[in-house]
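Nothing here was measured: the structure is a model prediction, and the numbers come from that model.
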Amino acid sequence: MGFRDHAFFILLLVAASRHLSVRFQPIIKAQVRDLVLNATDSLYRIEFSDVSTNFITGRASLSDVKITPDTNILKKMVGLKHAPNNIYYIQLKELVIKNFHPFNLLRYKKVKIDLLLFDNPEIIMVNKQLEFNELKKPFSDKSPYDYISKFVKELKVKTIDLKNISFKYVNKNLAIPEVDSIKNLNVTLKNWLIDKNSVRDTSRFYLLKDVVINLNNYSFATPDSLYHINLNQLDFRASSGKLNVKSFSVVPRYTEMDFGRAIGFSKDRFDIQMSNISLEGINLPLYVRKQELYATDMNVDNGSVSVFNNNELPKKTEIKIGKYPHQLLQKFNGLLTIKQLNLSNVDLTYAEFDRASKQKGKITFEKTSGSITNITNSDKIKSKNPYMFANLTSYMMGQGKLNVNFRFDLTANDGAFSYSGTLGEMDGRTLNRITKPLGMVEVKSGRVKKLEFDITANDNLAKGKVKFAFNDLSVALLKKKKGVII
């Protein structure tokens, strides 16, 4: 076959492809709309301005795509106790279909697509927890295959890529709905299959073999505009249930001294830097269905938490009751369970600027490591195990080894908890970093031999035993004279 024959053959294929594209365009439009209607039990409709196809390359695209729920159908489904907890609104300029193998559709009534590409989609997810879904069976009486079987025998998509998603989450479970949004999100759905048996394939979830989520360099301001939350390189894979975050930070917008001045009263200022964060055993279907985050393990390697308060500013009257960690956990919006949190090499610092001494005192707990178990606000889990435990080791002021064990009662109305532990040897003079500025007391000499403590506490009181062993302790009371502590 010569060059002219090749050229003629190619032109013939192109002409045939265009002819088929024009001929089948109305059929494709109708079938796509019917397929979406039937696959979603008439809940969703798809609209688009144009469809283009190339039967040679197996490429097609839909322009100006909108996928929206039918509110009348949704109301009927709620009445029949058949509605889902999550409703989606999707809009994008172009939906690209690559390698859709048209002859498989024509000959075998099977839709096989290598890639569905959603580029820069805008997605709104509305969540409303419906009681009848709590006890729903793992498999529906009617599978998605029942909805598409009159059109095709099989629908298979190897990869569904959603690139640079603009995502908005609307929580309608509150008296006033809350809205969260995120941008630059990438989601890849692997091996989506609808056939006779896929709905009962236990290796799949939502008919998928895997879900991969990636988010880079995400930042947002807190509602009070006092902090920026930064997250770098989040990666999640549903098949392994593992999520990794390269770094996470809570960064104040103001310096230590300007923070309280900006809001007009004394308030704790937090500065948090964490790296190498991972969660394992995440249950993605549970999160999608109920927005309940469940993980078997969480690990944090390397980080710091710094707290600062300017005590020379006016104090705002604030109720302190209900502010212990386990009480705040119970007030957290949404269900959260982490069976075990492992910490390694985390530095904790508390500093305060004193109005009398005009100096900053600071206490540090360095290289903190250990574990916290049964972190939960789930009533179901608390009924089986009502206690959260924390077993931690740290170095006070970088010297004295501190071992402390906490037990928090997750069901106590008064915030009951207990803690016990020991502090090992250290030079007492290192405490001057906090005693001189905040207590006007100087440790002249002395060595801490051992400090033992066993305390029980709640919102109203704390009681227990403390044993303190030391050598050659000498302290001096200080006073301020002409701006200098002496």
Side-chain angles (χ1 to χ4, degrees), residues 252 255-261 265-271 304-318 320 323-324 346-369 392-406 417-457 460-486:
T255 63
E256 287 184 341
M257 296 304 291
D258 289 339
F259 185 84
R261 293 168 184 163
F265 56 88
S266 176
K267 183 180 177 67
D268 285 343
R269 171 191 181 272
F270 293 87
D271 189 341
S304 64
V305 178
S306 300
V307 184
F308 175 81
N309 194 297
N310 186 352
N311 196 33
E312 70 174 352
L313 296 172
K315 291 189 178 295
K316 185 179 181 180
T317 303
E318 186 177 2
K320 298 293 185 181
K323 296 298 180 68
Y324 290 127
V346 177
D347 294 334
L348 308 174
T349 302
Y350 178 78
E352 187 173 298
F353 185 84
D354 187 72
R355 69 177 66 186
S357 68
K358 300 299 181 183
Q359 292 185 8
K360 182 173 77 171
K362 180 169 70 172
I363 185 170
T364 64
F365 299 91
E366 300 171 28
K367 298 181 180 179
T368 303
S369 300
L392 303 172
T393 298
S394 188
Y395 291 86
M396 184 175 177
M397 297 299 198
Q399 287 194 19
K401 186 176 182 180
L402 174 66
N403 295 307
V404 59
N405 302 312
F406 292 89
F417 70 102
S418 62
Y419 60 98
S420 61
T422 59
L423 174 65
E425 285 195 42
M426 62 181 295
D427 188 338
R429 290 173 295 179
T430 60
L431 298 175
N432 285 328
R433 281 183 279 169
I434 188 168
T435 61
K436 287 179 67 176
L438 303 186
M440 302 290 281
V441 172
E442 181 181 8
V443 179
K444 293 288 188 179
S445 66
R447 186 156 192 87
V448 176
K449 300 297 290 182
K450 191 175 186 180
L451 175 68
E452 297 180 349
F453 51 91
D454 190 349
I455 310 293
T456 59
N460 303 308
L461 58 88
K463 60 182 181 180
K465 297 178 180 179
V466 177
K467 294 181 180 180
F468 184 25
F470 55 88
N471 288 335
D472 302 322
L473 180 63
S474 175
V475 298
L477 297 178
L478 305 176
K479 60 181 179 180
K480 186 178 178 182
K481 185 175 182 180
K482 295 182 179 180
V484 180
I485 296 176
I486 59 173

>> Any non-hydrogen side-chain atom of L313 less than 4.5 Å from a side-chain atom of F265?
In response: no
>> Ignoring hydrogens, what is the shortest heavy-atom contact between P437 and K360? Give both atom names and the distance.
In response: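 Looking at all heavy atoms of both residues, the shortest contact is CG-O, 3.6 Å.
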> Which heavy atom in V466 sits nearest to a heavy atom in F453, and how many Å separate them?
Replying inline: CG2-CB, 4.2 Å
Main-chain N/O of [Y] paired to [X] side chain as donor or acceptor, under 3.5 Å:
{"X": "S306", "Y": "T349", "value": "no"}
{"X": "S394", "Y": "L402", "value": "no"}
{"X": "N432", "Y": "R429", "value": "yes"}
{"X": "E352", "Y": "N311", "value": "no"}

With sequence neighbours excluded, what pairs up with [X] under the side-chain contact (heavy atoms from CB on, under 4.5 Å) test?
{"X": "E312", "value": "M257, R261, N310, F353, R355, K358"}
{"X": "S474", "value": "K444, S445"}
{"X": "I434", "value": "I363, M397, L438"}

Partners passing side-chain hydrogen bond (donor to acceptor under 3.5 Å, both in side chains) against [X] (at least two apart in sequence or in another chain):
{"X": "T430", "value": "none"}
{"X": "K362", "value": "none"}
{"X": "N405", "value": "none"}
{"X": "S266", "value": "N309"}

Working to the nearest 0.5 Å, report the span between [atom1] of [X] and [atom2] of [Y].
{"X": "K401", "Y": "Y395", "atom1": "NZ", "atom2": "OH", "result": "4.5 Å"}
{"X": "D354", "Y": "Q359", "atom1": "CG", "atom2": "CD", "result": "9.0 Å"}
{"X": "D271", "Y": "F259", "atom1": "CG", "atom2": "CZ", "result": "10.5 Å"}

> Can you name the residues that form a ring pair (Phe, Tyr, Trp, His ring centres under 6.0 Å) with Y350, not counting sequence neighbours?
Replying inline: none
> For F270, which residues count as a ring pair (Phe, Tyr, Trp, His ring centres under 6.0 Å) partner, sequence neighbours excluded?
Replying inline: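 F270: no ring pair (Phe, Tyr, Trp, His ring centres under 6.0 Å) contacts found.
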Would you find more than 12 non-hydrogen atoms of other residues, nucleotides or ligands less than 6.0 Å from [X] atom [atom1]?
{"X": "K323", "atom1": "NZ", "result": "yes"}
{"X": "K463", "atom1": "NZ", "result": "no"}
{"X": "F308", "atom1": "CZ", "result": "yes"}

>> Using the rule given for side chain to side chain contact (heavy atoms under 4.5 Å, CB included), can you reason through T364 versus L348, listing the C-alpha separation, both sets of side-chain angles and the distance that settles it, and then say yes or no?
In response: CA-CA 6 Å; T364 64; L348 308 174; over 6 Å; no
With a cut-off of 3.5 Å and sequence neighbours excluded, list every side-chain donor-acceptor pair involving residues 418-425.
unit_1, atom_1, unit_2, atom_2, d
E425, OE1, R447, NE, 3.3

>> Taking salt bridge (Lys or Arg N to Asp or Glu O under 4.0 Å) as the definition, give me every residue that meets it alongside K267, ordered by chain and number, with sequence neighbours left out.
In response: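 K267: no salt bridge (Lys or Arg N to Asp or Glu O under 4.0 Å) contacts found.
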> Can you list the residues that meet the salt bridge (Lys or Arg N to Asp or Glu O under 4.0 Å) rule with K450, with sequence neighbours excluded?
Replying inline: E452
